[in-house]
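No hydrogens, no waters, no symmetry mates; every other heavy atom, side chains included, goes into these values. Treat the numbers as computed from the prediction; the structure is a model and nothing was measured.
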Amino acid sequence: MEKAGCFGSFLESSKPYFAMISLQFGYAGMNIITKVSLNRGMSHYVLVVYRHAIATAIIAPFAFFFERKKQPKMTFSMFMQIFILGLLGPVIDQNFYYAGLKFTSPTFSCAMSNMLPAMTFVLAVICRMEVLDIKKVRCQAKVIGTVLTVAGAMLMTLYRGPIVEMLWSKYIHPRKSYVTDTTGTGDKHWFLGSIMLTIATLAWASLFVLQNNALKTYKNHQLSLTSMICGIGTLQAIAVAFVMERKPSVWRIGFDMNLLAAAYAGIVTSSISYYVQGLVMKMRGPVFATAFSPLMMIIVAIMGSFILAEKIFLGSVLGAVLIVFGLYAVLWGKHKEVLEKEEIPEAIKGSQVNGVSILTVNGDVGANNKLSSVAISMPITEPPMKTNPMPCLIKS
């Protein structure tokens with residue numbers, strides 16, 4: 001029984017890790033499929049509209065059936081938060097990311113996205129969601145891990161080196177229309193794509209921070225919050241698409257790769273990912289949720305060599321090693337932070353000696369108040385005797 005309890009406790013504590021790792025596989029598949037669709041001429045403005053329209057249609061019924069009771073009151077402040085979330089995610093983040101993906105390659109786009117943990121960490125510190133005490137080892141680990149993650153991503157971007165031959169690369173001969181030609185892209189387009197990916201990553205980091213704040217109101221209604229973000233984002237994306245795309249033909253879609261890209265992105269990387277990210281951020285915070293994004297780059301690099309015959313360079317391998325070490329450092333720092341928060345209530349112990357209550361606080365409490373041992377005594381009066389010890393029923 002004890003072993004079963006320990007195994008159950010391990011599974012419960014491992015859920016956030018398994019959830020975020022699974023999401024990275026989902027994101028990796030989205031990058032490959034979307035790149036193929038964009039290469040075949042699909043407008044990324046229209047793709048964003050279809051993606052979030054499908055996500056809204058899928059998740060809204062679940063929100064209605066499971067969370068229609070005790071809905072939080074919709075205030076103007078809450079509506080503006082959801083409006084901004086829709087603008088940051090479906091409109092700014094996705095449009096700029098798809099444009100950058102079109103000008104570069106899936107592996108490069110994922111490498112640029114690895115700035116997400118650093119940007120989220122900085123925004124969280126600015127918004128006072130993360131306490132940065134550089135004297136503590138866990139904070140040093142998070143800072144060093146963030147630096148290593150960004151350094152690894154930049155190494156992949158700036159240094160290529162010799163080609164690393166994969167065993168399966170010699171036997172893959174993909175069709176020409178599916179191949180990503182990263183060598184033929186002009187320097188001007190490559191630089192423009194890098195700027196677009198940077199803007200998209202900043203919008204994504206802002207989405208994490210603001211969504212964490214909105215979850216305080218919708219802590220028991222994550223499906224409702226997700227459906228509203230996707231729904232409002234769809235309306236905003238339609239307005240942007242009508243302004244940027246004047247040809248009616250761009251809206252045509254059939255049973256082809258374009259439909260697969262829109263459906264996959266809407267189901268996996270919009271509806272499911274928004275909901276799962278919300279649950280993980282509720283448990284561990286925004287920095288933990290974004291710390292897994294470097295894994296997507298490694299998965300895309302491997303999948304890209306299979307499907308798109310992308311060339312893997314030595315710089316990509318070295319950068320991936322740095323990113324893995326940086327990821328481990330950030331997660332270790334977050335794990336220590338969670339342990340410290342759990343130990344604080346246990347450090348406060350109370351006892352009673354001769355009618356006097358003694359409260360003893362041991363250890364480090366808070367970021368600035370360090371208490372080694374404090375005893376607070378207070379006399380306690382005996383409660384009056386009750387003549388009728390009937391149980392009191394409290395209706396909640």
Side-chain angles (χ1 to χ4, degrees), residues 15-17 19-24 26-27 30 52 55 59 78 80-97 109-110 112-132 142-143 145-146 149-150 153 197-219 221-230 232-233 236 265 268-297 323 326-327 330-331 333-334 337-338:
K15 284 183 179 179
Y17 296 89
M20 293 310 302
I21 292 174
S22 300
L23 279 185
Q24 302 317 308
Y27 283 133
M30 184 272 295
H52 290 91
I59 203 168
M78 195 68 240
M80 289 305 301
Q81 289 188 45
I82 297 175
F83 183 86
I84 295 174
L85 284 172
L87 188 64
L88 288 173
V91 179
I92 299 177
D93 171 33
Q94 297 303 319
N95 276 301
F96 276 98
Y97 185 83
S109 300
C110 293
M112 293 296 291
S113 299
N114 287 324
M115 294 185 297
L116 179 63
M119 289 185 177
T120 307
F121 181 73
V122 172
L123 290 176
V125 171
I126 294 175
C127 297
R128 297 183 179 180
M129 298 173 63
E130 288 281 332
V131 179
L132 182 60
K142 287 192 289 185
V143 172
T146 300
T149 300
V150 176
L197 291 171
T198 302
I199 296 174
T201 306
L202 180 60
W204 197 4
S206 303
L207 172 69
F208 272 99
V209 175
L210 184 58
Q211 185 180 2
N212 187 72
N213 186 54
L215 283 171
K216 295 178 181 179
T217 303
Y218 286 86
K219 57 183 178 180
H221 298 82
Q222 289 92 348
L223 289 172
S224 301
L225 179 62
T226 303
S227 62
M228 285 187 290
I229 292 174
C230 292
I232 293 179
Q236 295 171 340
V268 177
T269 58
S270 284
S271 56
I272 295 179
S273 70
Y274 284 176
Y275 177 67
V276 173
Q277 285 173 2
L279 292 178
V280 173
M281 285 191 294
K282 183 180 177 181
M283 292 185 288
R284 296 297 179 91
V287 175
F288 179 89
T290 57
F292 287 84
S293 61
L295 293 178
M296 176 178 59
M297 177 269 305
I323 288 171
L327 173 64
V330 173
L331 293 180
K334 291 299 297 181
E337 182 180 353
V338 172

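Remark: Cys110 SG to Tyr97 OH distance equals 4.0 Å, nearest 0.5 Å. Taken from CD1 in Ile199 to CG in Asn95, the straight-line distance is 12.0 Å, to the nearest 0.5 Å. Here Ile232 contributes atom CD1 and Leu85 contributes atom CG; the two are 9.0 Å apart, rounded to the nearest 0.5 Å. Annotation: the span from Met80 atom CE to Leu87 atom CG amounts to 9.5 Å, rounded to 0.5 Å. The CD1 atom of Ile84 sits 10.0 Å away from the CD1 atom of Ile92 when rounded to the nearest 0.5 Å. For the atom pair Ile82 CD1 and Ile229 CD1, the distance stands at 7.0 Å (nearest 0.5 Å).
Between Tyr218 and His221, the ring planes lie perpendicular to each other; the angle is over 60°, past the 30° to 60° tilted range.
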Before you tell me yes or no, could you show the steps for Gln81 and Gln211 under side chain to side chain contact (heavy atoms under 4.5 Å, CB included), namely the whole-Å CA-CA distance, both residues' side-chain angles and the distance that decides it to 0.1 Å?
CA-CA 8 Å; Gln81 289 188 45; Gln211 185 180 2; over 6 Å; no
Applying side chain to side chain contact (heavy atoms under 4.5 Å, CB included) to Val268 and Met30, what does each step give before you reach the verdict?
CA-CA 8 Å; Val268 177; Met30 184 272 295; over 6 Å; no
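Leu88 has its side chain out of reach of Asp93: every pair of non-hydrogen atoms, C-beta onward, lies at least 4.5 Å apart. Side-chain contact check for Leu197 versus Phe96: every heavy-atom pair is 4.5 Å or farther apart.
Taking Lys219 as the reference, nothing meets the salt bridge (Lys or Arg N to Asp or Glu O under 4.0 Å) condition, with sequence neighbours excluded.
Nearest heavy-atom pair across Gly86 and Pro90 is O-CD, 2.7 Å.
The backbone N or O of Val91 sits nowhere less than 3.5 Å from a side-chain atom of Gln236 that would complete a donor-acceptor pair.
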